[in-house]
2 protein chains.
Amino acid sequence: MAQYTFRTRSSDCPYELAIGLVSGRWKPRLLEVLKDETLRYGDLKERLKPVSDKVLSAALDDMTRNGLISRTAFAEIPPRVEYALTPQGESLLEALGPLRDWARTENGR
Amino acid sequence: MAQYTFRTRSSDCPYELAIGLVSGRWKPRLLEVLKDETLRYGDLKERLKPVSDKVLSAALDDMTRNGLISRTAFAEIPPRVEYALTPQGESLLEALGPLRDWARTENGR
DNA sequence: CGGCATCCACACGGATACTG
DNA sequence: CAGTATCCGTGTGGATGCCG
């Protein structure tokens, strides 16, 4: 567990702190695809393809520990695990909106 | 020059792209301290202390190449170089506002 | 199905020393 | 003053293989 921590010491700078939470190749996308849907591990892997298991599970782990994502495991066979945004994850995604818009207008996409 | 590039491929995801521009130990702070002031290299180093020359100049280099910061060198002795936010840097800082606020309220600082 | 273990490459931050 | 050159430690993404 806890393989990855923040690169930044997420010191006393709020910018750094928030950016640290979504710094990573797949984290912003994870927030996005989970916006309106609860998804299973396999679904996530499918939508973020090509992502490796290690990196995906590490990102999910980080974000779950950081309270952005909820993880629900069902004791069934075959196993089923569902991921969803927490309220904090949702509000973070919203706070990311202006940044996305900035990128779109400034970089023409 | 150009020692560092983005970790992320800043692919086609606007979030990744914008986040990549400010991912780095000192980049958010650089935007912040340059918000209302034009500052010299030594001033920046002083305000971001403790930052090493290599890392600071690399960050300045990145952000200058990315059009967030302007660099003006004066042909004097001793040398003088001034850094300031470009309009794009200013608008990016504004777009970062909600993220900073989110961090403050969610993480209680 | 939903991971974790292992190994690898390299991007990044930092300390120190030096220069135009 | 404003950097560059060098070396180093570690964080992070990725490929592959295995397991409950």
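These numbers come from a predicted model, not from an experiment.
- Residue A:Asp53 contributes atom CG, which lies 17 Å from atom C1' of D:dT12 at whole-angstrom precision.
- Taking atom CG on B:Leu39 and atom C1' on D:dA2, their separation rounds to 15 Å, with Å as the unit.
- Atom-to-atom, CZ of B:Arg29 to P of C:dG13 comes out at 14 Å; the value is rounded to the nearest Å.
- Phosphate proximity of D:dG14 to A:Trp26: present, with a side-chain N or O under 4.0 Å from OP1 or OP2.
- The shortest heavy-atom contact between B:Leu21 and B:Lys27 is O-CD, 3.4 Å.
- Between the CD atom of A:Glu16 and the C1' atom of C:dC12 there is a distance of 14 Å, rounded to whole Å.
- A distance of 8.5 Å separates CD in B:Glu37 from CG in B:Leu34, rounded to the nearest 0.5 Å.
- Contact check, A:Arg25 against D:dG14: a side-chain N or O comes under 4.0 Å of OP1 or OP2.
- Within residues 68-78 of chain B, the residues having any heavy atom under 4.0 Å from DNA chain D are, by residue number, B:Arg71, B:Pro78.
- Atom CG in A:Asp61 sits roughly 14 Å away from atom C1' in C:dA5 (whole-Å rounding).
- Checking the phosphate oxygens (OP1, OP2) of C:dG3, a side-chain nitrogen or oxygen of A:Tyr83 falls inside 4.0 Å.
- Using a 3.5 Å distance cut-off with no hydrogens or angles, the side chains of B:Ser23 and A:Ser23 do pair a donor with an acceptor.
- Here the OH-CG distance, from B:Tyr83 to B:Leu44, works out to 7.5 Å after rounding to the nearest 0.5 Å.
- Across the interface with DNA chain D, nearest-nucleotide mapping of A:Pro50 and A:Pro79 shows A:Pro50 to be the residue nearer the 5′ end.
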Q.
Does B:Arg47 form a side chain to side chain contact (heavy atoms under 4.5 Å, CB included) with B:Leu39? I'd like the steps, not just the answer.
A. CA-CA 10 Å; B:Arg47 304 201 183 200; B:Leu39 292 173; 3.8 Å; yes
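- Distance CH2/A:Trp26 to CD/B:Glu16: 7.5 Å, rounded to 0.5 Å.
- When rounded to the nearest whole Å, the span between CG of A:Leu56 and C1' of D:dA15 equals 15 Å.
- Atom pair A:Lys45:NZ and D:dG14:P shows a separation of 13 Å (rounding to whole Å applied).
- In the set C:dG3, C:dA17, D:dC1, the nucleotide with an atom closest to the side chain of B:Arg40 is D:dC1.
- With distances taken from any side-chain atom of A:Ser57 to the nucleotides D:dC1, C:dG3, C:dA17, the minimum falls on C:dG3.
- A:Lys54 contributes no side-chain N or O that forms a donor-acceptor pair with the base of C:dG3 under 3.5 Å.
- The side chain of A:Ser52 lies closest to D:dG14, out of D:dG20, D:dG14, D:dG3.
- Counting to the nearest Å, the P atom of C:dG3 and the CZ atom of A:Arg80 are 13 Å from each other.
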**Q.** Test side chain to side chain contact (heavy atoms under 4.5 Å, CB included) applied to B:Arg25 and B:Val55, step by step
**A.** CA-CA 9 Å; B:Arg25 180 89 172 73; B:Val55 175; 5.6 Å; no
